[in-house]
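In this text, all values refer to a predicted model and were calculated from it rather than measured experimentally. In listed order, ligands and their atoms are each counted from 1.
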Amino acid sequence: MDAHTDTAALFDLALIRKYDKAGPRYTSYPTAPMFHEGIGAADYAASLARVGAAAAPLSLYLHVPFCDTVCYYCGCSKIATKQRHRAVPYVEYLLKEIDLLADTLGGSRPVTQLHWGGGTPTFLNECQIRAIMDRLHSRFAFVPDAEGEYGIEIDPRECNANTVRVLREVGFNRMSMGVQDFEPKVQKAVNRIQSKEETLAVLEEARKHGFQSINIDLMYGLPFQTVESFDRTLGTIIDFSPDRIALFNYAHLPHMFMPQRRIDEGDLPSAAEKLKILEHSIDKLLAAGYVFIGMDHFAKPDDELAVAQRQGKLYRNFQGYSTHADAELVGLGITSIGYVDGTFYQNIKDLDGYYAALDAGEFPVFRGYRLSDEDHLRRHVIMRLMCDFALDYKSVDKQFGIDFTAHFADGLADLAGMAEDGLVQLRDDGLTVLPAGRMLIRNIAMVFDEHLRQKAEEGKFSKVI
Ligand code: SF4
């Protein structure tokens, strides 16, 4: 996206209202509801053995599920507990899983990307963090610091200056921090009390230790938020000037996420106020020089995400946007999802099951999905749309041996209405997503989602804005 696209072009209220319907976020295609238990541990072991000798780099994801307290807006997979000792066996089993993985895969493939997510990764103490990183480094060939993206999600309530120093020392060089909102009233209503001072102190420390591409997560649509109140949070964050800002929409789905039942619906901003908050936030972020990357993400023009997007080298995976080529992704820890050998694999979601599988010497995988040729094609199309805001039919034809316009005749017919509304520009040889369509990129991608066409997925996904 060019840095000069303004809010008026990006944020068309009438169109946002018109296209406001449930849809997936496409961190994977096909999406997780398609995963099934016909694929399991033995398939995973076979896949790993098959791809072990490949030269392409690997991306590792490690999940730490524990959180000291629960944030009421949370829709993540986590275990809320004050019992720190619960992390002890978890770390032991993570080490076992790392060994099993390295034994099966062999250690020859370079690792260019590592991401620790949660839950709260820094729920683990310094010794536990060191033990895991030592084991990873002893079993895998990580590329040097300057070439690798080694990131961790940080909760400033579980992190101090010393933690930041240790994280850098053990090899992390990227950091993502959850903030959401600094207003005390909002924080109280969502049970996440984190002062501006402690947050900024951790961020300053991260900068001092050379963390790059520092990302901050914000959330709009939380209880008691107004345009004015959220403007204060945005102002503080913009003053700190992080490389990236993710601005997530709070989707109130209490029937799906238990903690959300503690949020009083009457305290939530109205749909109209929420859209005003979004519009104002976009305005403020663009005015501060941030570029809209897509799907809630903003970055400084010189950040590697923005640079990769300009070069057509942006990718999308379970952690959101990524600059690393469509690397194979290996998941570690409960609930984690990997993509190996053209197949998605997901780990068991409960601790007991996870421990039992590893005790039996098996991978703790319980379901997955093997992509068909058609899935690979559609995955590519959706990925390029989400990352480039454009499609070149000829290059897809060449890569997949199809005739795009004939193959996607249904989808292109659906897009005709969106073209009339000014969301996309359709040409004989390709399409371009216009500024007004960028906020609605999910809707455009959904046109190419074959499984969505087949199944009535309505209600399973959060609204697009
Ligand atoms: S939002 Fe993050 S810190 Fe809060 S409960 Fe969920 S996983 Fe834990």
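- Close approach of ligand 1 to Y73 (heavy-atom distance below 4.0 Å) involves ligand atoms 1 (S).
- Y339 has its ring centre no less than 6.0 Å from the ring centre of Y61.
- Heavy-atom separations between R192 and ligand 1 include at least one value shorter than 4.0 Å.
- Between Y29 and F448, the ring centre distance reaches or exceeds 6.0 Å.
- Of all protein heavy atoms, the one closest to atom 4 (Fe) of ligand 1 is C71 SG, 2.3 Å.
- Distances from ligand 1 to the non-hydrogen atoms of G119 include at least one value under 4.0 Å.
- In this structure a side-chain-to-backbone donor-acceptor pair under 3.5 Å is present from Q225 to G221.
- Using bins of under 30°, 30° to 60° and over 60° for the plane-to-plane angle, the ring pair Y321/H297 lands in the perpendicular bin.
- Within ligand 1, counting atoms from 1 as listed, the ones closer than 4.0 Å to a heavy atom of C67 are 3 (S), 5 (S), 7 (S), 8 (Fe).
- Backbone or side-chain N, O or S atoms of C74 reach atom 6 (Fe) of ligand 1 at under 2.8 Å.
- For H209 and F211, the ring centers are positioned 6.0 Å apart or more.
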